[in-house]
Amino acid sequence: MSFSQRVYAVVKRIPRGKVATYGQVAALIGSPRSSRFVGFALHSNPYQGVVPCHRVVFKDGSLAPGFAFGGPQEQRKLLEAEGVHFLDNGQTVTVDMTQYQWEA
DNA sequence: TACTTGACTTTAG
DNA sequence: TCTAAAGCCAAGT
């Protein structure tokens, strides 16, 4: 199983209504410092609709700016549709990690 | 075939 | 406490 396939396998395990961080996913596949490639693997996600890459966020709960989907707004909509609550301080929009972070 | 790049995190200064 | 740099690994050029 390739590195990217392991990434997809882990991300697919994230339940609806929960989110995980890049570092968390990287740690679960055995490479805690490979978070950069976790993002890269999701970027070239061949399983759209299968791998919920919108459930993967930054360590602080914020979303990837300008890259994901149609932008962070789109990712936010997907997560809110699953019941994930966002904290909007006017500047940045972040997921409430204390409540919604996935505990593997 | 080899080099560069990329949705990041962590550690050291 | 804040800033800077290193490290991870596969895909694209």
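To find a chain, count down the sequence lines: A is the first, B the second, and so on, and within it residues start at 1.
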Trainee: Please report the closest heavy-atom contact between A:Ala41 and A:Tyr8, naming both atoms and the distance.
Mentor: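 Taking every non-hydrogen atom into account, O-OH, 2.7 Å.
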
Trainee: Once you round it to whole Å, what is the distance between P of C:dG12 and CZ of A:Phe3?
Mentor: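 Nearest whole value for this atom pair: 16 Å.
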
Trainee: Check the distance between C:dA10's P and A:Phe40's CZ and give it to me in whole angstrom.
Mentor: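 Spelled out: CZ on A:Phe40 to P on C:dA10 is 11 Å.
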
Trainee: OP1 or OP2 of C:dG12 versus the side-chain N and O atoms of A:Ser44: is any pair under 4.0 Å?
Mentor: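 No, A:Ser44 has no side-chain N/O under 4.0 Å of OP1/OP2 on C:dG12.
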
Trainee: Is A:Gln24 reaching over with its side chain to a backbone N or O of A:Trp102, donor-acceptor style, under 3.5 angstrom?
Mentor: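 Yes; judged by distance alone, with no hydrogens or angles, the pair exists.
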
Trainee: Indicate syn or anti for C:dA10, taking the glycosidic torsion and treating anything within 90° of 0 as syn.
Mentor: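 Chi for C:dA10 falls in the anti range.
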
Trainee: Is A:Lys59 close enough to B:dC8 that one of its side-chain N or O atoms is under 4.0 Å from OP1 or OP2 there?
Mentor: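 For A:Lys59, the contact criterion (side-chain N or O under 4.0 Å from OP1 or OP2 of B:dC8) is not met.
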
Trainee: Before you tell me yes or no, could you show the steps for A:Phe86 and A:Leu63 under side-chain contact (heavy atoms from CB on, under 4.5 Å), namely the whole-Å CA-CA distance, both residues' side-chain angles and the distance that decides it to 0.1 Å?
Mentor: CA-CA 11 Å; A:Phe86 279 76; A:Leu63 310 178; 4.1 Å; yes

Trainee: Looking at every heavy atom in both A:Leu42 and A:Tyr22, which two are closest together, and how far apart are they?
Mentor: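 Looking at all heavy atoms of both residues, the closest pair is CD1-CE2, 4.2 Å.
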
Trainee: Thinking salt bridges, do A:Glu74 and A:Lys77 make one under a 4.0 Å N-O criterion?
Mentor: yes

Trainee: Which atom names give the shortest non-hydrogen contact between A:Val25 and A:Ala20, and what distance separates them?
Mentor: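 Looking at all heavy atoms of both residues, the shortest contact is CG2-CB, 4.2 Å.
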
Trainee: How close or far is atom C1' of C:dC8 from atom CG of A:Leu42, stated in whole angstroms?
Mentor: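 Taking atom C1' of C:dC8 as the reference, CG of A:Leu42 is at 15 Å.
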
Trainee: Let's test your reading of the pairing rules: Watson-Crick or G-U wobble, both distances under 3.5 Å, then write DNA chain B as a dot-bracket string with ( ), [ ], | and dots.
Mentor: .|||||.||||||

Trainee: How far, in whole Å, is B:dA7 from C:dT3 if one measures between their C1' atoms?
Mentor: 22 Å

Trainee: If we check side chain to side chain donor-acceptor pair (under 3.5 Å) with A:Glu82, which of these qualifies: A:Arg16, A:Lys18, A:His54?
Mentor: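 Going through A:Arg16, A:Lys18, A:His54 one by one, the side chain to side chain donor-acceptor pair (under 3.5 Å) with A:Glu82 is satisfied by A:His54 alone.
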
Trainee: Give the minimum heavy-atom separation between A:Pro52 and A:Lys12, together with the two atoms involved.
Mentor: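 That would be CD-CA, 3.9 Å.
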
Trainee: Which of residues 17-38 of chain A sit near DNA chain C, with a heavy atom under 4.0 Å from it?
Mentor: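 When residues 17-38 of chain A is checked for heavy atoms under 4.0 Å from DNA chain C, the hits, listed by number, are A:Ser31, A:Arg33, A:Ser34, A:Arg36, A:Phe37.
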
